[in-house]
Structure formats: C-alpha cells, structure tokens
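Accompanying notes for the structure given below.
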Number of protein chains: 2
Amino acid sequence: MQQVGETQPTVAQQRVLDAAAACFGERGFHGTTTRDIAKQAQLSPAVLYVHYPTKEDVLYEISRAGHVAALEVLRAAAARGSTPTEQLGELAQDFALWHARSHAVARVVNYELGALSPAHHEQIALLRRQMEQVTREVLEAGLDSGEFAVANTSLTALAVLSLGVDVGRWFKTTGTWQPEDVAKHYRELALRMVLAH
Amino acid sequence: MQQVGETQPTVAQQRVLDAAAACFGERGFHGTTTRDIAKQAQLSPAVLYVHYPTKEDVLYEISRAGHVAALEVLRAAAARGSTPTEQLGELAQDFALWHARSHAVARVVNYELGALSPAHHEQIALLRRQMEQVTREVLEAGLDSGEFAVANTSLTALAVLSLGVDVGRWFKTTGTWQPEDVAKHYRELALRMVLAH
DNA sequence: CGACATGGTAAGCAAGCGCTCATGTTCTGA
DNA sequence: TCAGAACATGAGCGCTTGCTTACCATGTCG
C-alpha cells in the first residue's frame, strides 16, 4: 500500500497509527523505536513498513490528522456561539477538553514538530496558522462589539491557545480532575483574560 | 571528575552543559547524539565522558539547574511584591520572561522529564511541586485579602504557570516580540484571570 | 481450481549509537 | 625540574537502530 496522503486509513493502518501515537506521546518520536510501535500494536517489527514508507511518515500522518481534528474543534466552537463571548468561551473550553482527552496525540501535535521533514513541517505549519487565525478572528469580533478589551490581539490569541496546549503536557488520566472539570474552569479563565468591564 | 551533585560546575563542564542544553532544547534528548553535543562545544566526541558518567547525567544536571533557576525566579518575584496582586503580577511576568529568554533550557526543563531516570525524575518532581506551591500560596493570600476570586486554586495556579511554560514552546528570538513585551502582556493576562471586581 | 492481490512475518543488513580505553597534553605545586 | 593530577583525544567496540528482503497465509474472483 504505502499511501500516506489525505485518504482514510484502513483498519490495519489505524492500528499502527494508534500504537505509534501512544508511543510518541509518551516517549517522543526519537525515544520510540519501530519495534516499540510494533509491540504496542501486537504485530511484527516489519509491519510498519507494509503500510508506511518511513517512521517519519507515520509521525506526519498522526500529526496531520491531529492538527485537522484540533482545527475542527476550534472552528466548530467558533461557529456554535452566537456572540464573541460565547464563541471564545466554547473555543477555550473545547480546546482544553480536546487536549485533556487526547493528550497523547496532543503531545505529538504540539511537541514533535521538530522531528518532521521540512516539507511535512511546512504542511503542518499551514494548519497551525489557521488555528491562530480562527482564534484571532473571534477576538477581533469581540473587540469590535466592545465585549472584549485586550492590548495585543495576536499575543492574547496565543495565550488563549497556550492554556489549552499546556493541558496536554500536564494532564494525567490518573489525576484528580476529569477533562470536563478542567475544560469548564479554563473557559472562565480565558474569558476573564479578554472581557471588558 | 565525574561529579554531578550540587557543586558548581567548572568552566569546562559548563561548556559541555551549554552545548548540551542548546542541542536538547532544539532536538530533544533522544534526538541529540553525544557527538552533536561535542560538535556544538567544539570538542572531541569523548569529552562528555571526562566530566559526566552518562548522557542522562548531563540532562539531569541541566534540568536540575534549570528548575532551581526557575524556582528562584518565582520565589524572588513573590518576595518582591508587597500585596498579593503585586506578587502575582511579578511572578507571572518574571516567569514568562525567564521562559522567553532561556527558552532552550526551558524546553529541557518542561519537556524532557520523561527522559530522566526514575531516581533523577523524583528529585526534579520535588522542585516542580515547590514551584506550584509558591504560586498557590500567592493565590491563597490574594483570596484571603479579597483581592482575588477564583473557583479552583490549584487549577488556577497551574494555569498561571502554563502561560509561562508555553512561552518556552513558541517563543523564537527571531520573532516579532521581545521577551520583555511578552512578559509585560502576560502579567496583565494572569492578573485578569484572578482579580476580583 | 488457480492466479493474484492483500496483509503479514522471520531474519538480517548497514549505519549510527552510547560509551570505553590507551594515549597524549597541559597545569600545579614541592 | 619534574612527578602527578586533571583534561582531552582518536580509534573503535558491541549493540541498537531504521529499514529491506524473501517468503507465507488468506480471501477474492474469473
């Protein structure tokens, strides 16, 4: 097979991707061997190369799918709210929720960009810029309506996203809080950062 | 020599540490070879083992010194302010400033914990708990005085630190903003998250 | 049936890895 | 002046790495 593009992965491919995402999320790309991935997937060491040409292509596919998912979370949240305040609240909440629930993939998405080939990195950078764009647009709408008051739109957009991103770093499923608790609280924190009063 | 403890590193040791920190910060611990470090330090591949028993010990020393420095930043900021509002402002500002200025070391500090040996990891975890402790105490002082109003002290402390931590991920020296600009803005964002009104 | 596509494996290769060791070289102090 | 400690190196060892190859099981379809 060895197709890697935008097509839907088969069941077997998804199994490799899931195993690799779990490993990459825990030990990082360079800390994970192809044998680790095979073991996690309960398959032979060679199975990776039946479906993907290189280990880096596996990373790219995980990163790409993860970024598409995260971007969709942001877009859906922004579309759901009827006011900028609602939009930013939903955005911050759902972004944090996704990072808590999918923290393995989230770690790959946010911390393994440097392991991508230059060509792949560029594709991913495109998606990341769109994520910032969506957030900035919600902030700008709130500034126009007078609901928000912030000194630096770009820097504040980064900060709103930072809150969510960093959840992926510290969140543990064995911890005290549920993903939903964290997300609800982060919605409030993000809104406080931007609201005028 | 091969001493790794709490003693001051010699000039030669510091040179190895600086080179390793630059490499680890850019490509991660597992993405960096001992030859990379030697090349960065403009020394022979074997030089690392003159001063440290293993590559992991170099990581530990960088991580330990980095955590001590970051903790000191937090403590100094908290000690400087005369009110909880001032304290948290200074804390958020200086923490972000440190992460912007020392973003290479900061990345090692925050993202390479998993590469430490269990024994070393435990030592570092001690320092990290103290960092959260300092932040929580400032928040609690502000709650007692009525200056702050937050629903969940621990989660809010995490969020305040998150803002700074994530600066280490995205900050580039070649970017638009200076470390001081980011830090000033982040002071405001952190204060907005916690202030009562 | 049998030709063939699909999905999987065991074994192993070349290269690069962390680390060692025998051997200088420089610095310090009696 | 020169012994000994401290610092540094070139060469290379044994092992692990990403990846390849030759081969096998299964199911589909004319």
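Computed from a predicted structure; not experimentally measured. Chain letters run A, B, ... following the sequence lines, proteins first, then strands; residues in each count from 1.
Contact between the side-chain N/O atoms of A/H30 and the OP1/OP2 oxygens of D/dT17 is not found at any separation under 4.0 Å. The phosphate of D/dG18 (OP1 or OP2) has a side-chain N or O of A/T34 nearer than 4.0 angstrom. Dashed line: the shortest gap from a side-chain N or O of A/H51 to OP1 or OP2 of C/dG8 is under 4.0 Å.
Among the protein residues, B/A46 comes within range of the nucleic acid bases, having at least one heavy atom under 4.0 Å from a base atom. Here A/L48 lies out of heavy-atom contact (under 4.0 Å) with every strand.
Salt-bridge check for B/E61 with B/R64: passed, with a basic side-chain N closer than 4.0 Å to an acidic carboxylate O. Taking a cutoff of 4.0 Å between a charged side-chain nitrogen and a carboxylate oxygen, B/R80 and B/D94 qualify as a salt bridge.
Aromatic ring pairs are classed by plane angle as parallel below 30°, tilted from 30° to 60° and perpendicular above 60°; the pair A/W177 and A/W170 is perpendicular.
Closest approach to the A/K55 side chain among D/dC19, C/dT9, D/dT9 is made by D/dC19 (side chain taken as heavy atoms from C-beta onward). Of the candidates D/dT9, C/dG8, D/dT20, D/dT20 carries the atom nearest the A/Y49 side chain, counting heavy atoms from C-beta on. Residue A/V50 has its side chain nearest to C/dT9 when only C/dC17, D/dT9, C/dT9 are considered. Proximity note for B/T54 (side chain, C-beta onward) versus C/dC19, C/dT20, D/dC7: the nearest is C/dC19.
A donor-acceptor pair under 3.5 Å is absent between the side-chain atoms of A/R136 and the main chain of A/A157, judged by distance alone.
Between the side chains of A/H99 and A/N110, at least one donor-acceptor pair of N or O atoms lies under 3.5 Å.
Rounding to whole angstrom units, CZ of residue B/R27 and C1' of C/dC17 are separated by 14 Å. Between B/E56 atom CD and C/dC17 atom C1' there is a gap of 17 Å when expressed in whole angstrom units. Rounded to whole Å, atom P of D/dT9 lies 11 Å from atom CD of B/Q42. One atom, NZ of B/K39, and another, P of D/dT9, lie 15 Å apart when rounded to the nearest Å. If you measure from atom OH of B/Y52 to atom P of C/dT20, you get 16 Å, rounded to the nearest angstrom. Here D/dG18 presents its P atom at 14 Å from CG of A/D57, a figure rounded to the nearest Å.
Annotation: of the two residues near DNA chain C, A/L43 and A/R35, the 5′-most nearest-nucleotide partner is A/L43.
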